[in-house]
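Just so we're clear, the structure is a prediction, and the values are computed from it rather than from any experiment. First listed ligand is number 1; within each ligand, the first listed atom is number 1.
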Amino acid sequence: MLSSTSCLLKNTAVANIAAPLNSKIAATFSSALLNNTKVSIRQFSLTPLHLEENKVEPPKNESTVEIPIKEAETTSEPPKEEPPKEEPPKTQSCSCNAKETCNSKNCCCKKAVLMLALAGIAGTAYYYYENRDQQTFGDDTTVVYVLGGPGAGKGTQCANLVKDFGFVHLSAGDLLREERQRKGSQYGELINNYIKEGKIVPANITIALLENAMAKSPSKRFLIDGFPRKMDQAKKFEKTVCKGKFVLFFDCPESVMLERLLKRGKTSGRVDDNIESIKKRFVTFKETSYPVVEYFEKQNKVKRVSCVNSPQKVYDETKAIFNELFKAEENAKKNATKN
Ligand SMILES: Nc1ncnc2c1ncn2[C@@H]1O[C@H](COP(=O)(O)OP(=O)(O)O)[C@@H](O)[C@H]1O
Ligand SMILES: O=c1ccn([C@@H]2O[C@H](COP(=O)(O)OP(=O)(O)O)[C@@H](O)[C@H]2O)c(=O)[nH]1
């Protein structure tokens with residue numbers, strides 16, 4: 001049997017330890033965050049191998065990194081009956097103050113010191129994660145952010161791009177809705193409230209969902225639709241997950257978006273495709289999300305496409321941008337291999 005000391009970390013810390021390692025570890029830890037599970041580290045060492053070997057357990061009430069203290073060897077055989085040993089007198093070999101209740105084998109002082117050490121290690125890992133400058137996905141991964149107001153037509157155009165350019169489409173809104181529906185999700189209610197109110201779900205949750213989906217995908221090309229919609233998301237994702245290549249921004253007047261959303265609302269079943277939520281979403285878009293577009297515009301990373309025309313016309317323009325960019329990329333690769 002193992003007796004365990006649980007080193008409780010905040011949910012965010014659990015996911016956050018993942019990224020400096022590799023995408024598989026990122027998947028393990030972001031799943032742990034979302035599943036609210038314990039990640040057991042049987043032999044405590046923060047190496048990818050050890051982390052990978054440990055299976056994620058079913059949801060529990062708290063997100064913990066459980067660091068067991070090994071007291072005896074674990075075997076698959078049932079414990080053998082041993083003749084009862086005579087306990088040494090409690091006061092004989094323990095140097096701590098609680099001589100009446102403590103013996104040397106299970107000394108409360110030793111346990112306290114060990115717990116402190118483990119908490120220190122976990123805290124240090126969290127600190128280094130928070131302050132790291134390394135992304136989980138490197139230059140071989142292409143991320144295109146697809147932004148635009150609610151109902152501008154982001155999802156519609158992404159579907160076309162997937163067919164023609166072999167991108168994997170990750171809609172942040174869809175991932176959040178899936179997570180909201182997932183049985184046992186600790187974030188279901190929170191996500192639902194944010195979506196209904198047209199507010200932006202806390203960055204850690206959305207980033208964990210995206211990072212998890214990227215890590216699980218064999219693709220190296222991602223259209224990230226409807227994200228980042230807030231500056232904290234943009235900065236954190238760029239710093240810790242992957243740098244975006246550019247932003248495809250679908251420009252659409254509010255009146256057109258309103259008409260499209262009300263029409264979509266007749267069949268979408270979405271809790272936010274109603275006039276009250278739509279008004280709130282427009283405010284969030286103007287005040288919170290558009291500054292993200294301006295931020296990337298300052299870095300010359302925004303490609304703007306007007307979205308008022310028919311879906312086909314909008315796609316013609318979008319396709320031309322992708323053809324240009326990815327043709328240039330192909331040529332650059334060819335030149336690099338020649339030299
Ligand atoms: N160019 C367009 N013209 C008219 N309707 C459109 C156009 N693009 C998308 N739509 C419709 O508008 C609604 C919103 O489009 P969608 O792609 O879901 O937007 P978003 O992903 O930006 O919220 C959908 O019902 C879609 O069919
Ligand atoms: O990074 C994101 C993306 C979406 N959302 C939430 O999901 C809702 C729906 O977003 P989606 O992109 O699916 O739809 P859109 O508003 O673009 O039609 C938003 O209003 C937000 O409440 C969020 O919180 N963070």
Side-chain angles (χ1 to χ4, degrees), residues 143 145-162 169-181 187-213 222-238 241 244 247-293 305-319:
V143 160
Y145 302 123
V146 182
L147 299 180
K154 302 181 291 295
T156 305
Q157 297 305 328
C158 283
N160 292 328
L161 289 167
V162 165
H169 175 210
L170 298 178
S171 155
D174 285 349
L175 289 170
L176 286 166
R177 281 183 286 272
E178 256 170 50
E179 178 61 21
R180 177 187 60 184
Q181 295 304 113
Y187 299 117
E189 207 184 321
L190 178 147
I191 291 171
N192 200 45
N193 292 337
Y194 272 83
I195 288 182
K196 243 186 358 201
E197 290 303 312
K199 288 189 189 153
I200 308 303
V201 172
N204 278 344
I205 298 173
T206 317
I207 290 175
L209 287 167
L210 286 168
E211 188 173 21
N212 198 22
F222 299 97
L223 291 171
I224 301 202
D225 167 6
F227 176 95
R229 295 167 109 105
K230 199 172 174 180
M231 277 313 299
D232 67 331
Q233 288 180 330
K235 288 189 172 163
K236 189 160 187 182
F237 188 86
E238 293 257 305
V241 181
V247 173
L248 178 62
F249 178 66
F250 288 117
D251 208 354
C252 199
E254 230 174 60
S255 56
V256 176
M257 296 194 290
L258 177 65
E259 199 184 313
R260 288 180 187 173
L261 287 174
L262 289 175
K263 196 170 164 199
R264 186 175 76 182
K266 287 179 188 162
T267 54
S268 68
R270 278 176 53 162
V271 291
D272 58 347
D273 277 352
N274 57 72
I275 191 68
E276 294 79 30
S277 294
I278 292 169
K279 280 186 194 160
K280 291 175 185 167
R281 287 155 75 195
F282 285 163
V283 172
T284 303
F285 174 67
K286 268 192 273 182
E287 291 178 357
T288 310
S289 305
Y290 195 71
V292 176
V293 180
V305 176
S306 165
C307 234
V308 287
N309 291 321
S310 69
Q312 186 54 51
K313 280 204 169 144
V314 176
Y315 186 56
D316 290 344
E317 209 180 310
T318 307
K319 193 176 178 180

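Remark: ligand 2 atoms within the under-4.0 Å shell around heavy atoms of Val201 are 23 (C), 24 (O). Interface atoms of ligand 2 facing Thr206, defined by a heavy-atom separation under 4.0 Å, are 1 (O). The Tyr194 neighbourhood of ligand 2 comprises atoms 22 (O), with distances under 4.0 Å to a heavy atom of that residue. Listed by number with element, the atoms of ligand 2 under 4.0 Å from a non-hydrogen atom of Ile200 are 24 (O), 25 (N). Per-residue contacts place Gly151 under 4.0 angstrom from the following atoms of ligand 2 (heavy atoms of the residue considered): 18 (O). For ligand 2, the atoms sitting less than 4.0 Å from at least one non-hydrogen atom of Arg177 are 9 (C), 13 (O), numbered in the order shown with element in parentheses.
Using bins of under 30°, 30° to 60° and over 60° for the plane-to-plane angle, the ring pair Phe285/Tyr290 lands in the perpendicular bin.
Looking only at protein heavy atoms, the nearest one to atom 10 (O) of ligand 2 is Arg229 NH1, 3.5 Å. The closest protein non-hydrogen atom to atom 11 (C) of ligand 1 is Arg260 CD, 4.3 Å. For atom 18 (O) of ligand 1, the nearest non-hydrogen atom of the protein is Arg264 NH1, 2.7 Å. Nearest protein neighbour of atom 7 (O) of ligand 2, counting heavy atoms only, is Ile195 CG1, 3.8 Å. At the top of the distance list for atom 5 (N) of ligand 2, counting protein heavy atoms only, stands Leu176 CD1, 3.4 Å. Taking atom 17 (O) of ligand 2 as the reference point, the nearest protein heavy-atom neighbour is Lys154 NZ, 2.6 Å. Of the protein's heavy atoms, Gly153 N, 3.2 Å lies nearest to atom 19 (O) of ligand 1. Here the heavy atom of the protein found nearest to atom 9 (C) of ligand 2 is Arg270 NH2, 3.5 Å.
The shortest separation from a heavy atom of Val308 to ligand 1 is not under 4.0 Å, leaving the residue out of contact. A heavy-atom separation below 4.0 Å is not found between Lys196 and ligand 2. Using a 4.0 Å cutoff on heavy atoms, Glu197 does not count as a contact of ligand 2. Contact annotation: Gly148 has no heavy atom less than 4.0 Å from any atom of ligand 1.
The closest heavy-atom contact to atom 3 (C) of ligand 2, among the options Ser289, Ala234, Gly226, comes from Gly226. By heavy-atom distance, the residue among Cys252, Ser171, Gly151 lying nearest atom 14 (C) of ligand 1 is Gly151. Nearest-residue assignment for atom 16 (O) of ligand 2 (options Arg281, Lys199, Gln233; heavy-atom criterion): Arg281.
Contact check for Pro253 versus Val308: side-chain heavy atoms found under the 4.5 Å cut-off. In this structure the side chain of Glu178 reaches within 4.5 angstrom of the side chain of Leu175, judged on heavy atoms.
Counting heavy atoms closer than 4.0 Å to ligand 1, residue Leu261 contributes nothing at all.
Considering backbone and side-chain atoms together, Asp272 places no N or O closer than 3.5 Å to any N or O of ligand 2.
Around atom NZ of Lys199, no more than 12 heavy atoms belonging to other residues, nucleotides or ligands sit under 6.0 Å away.
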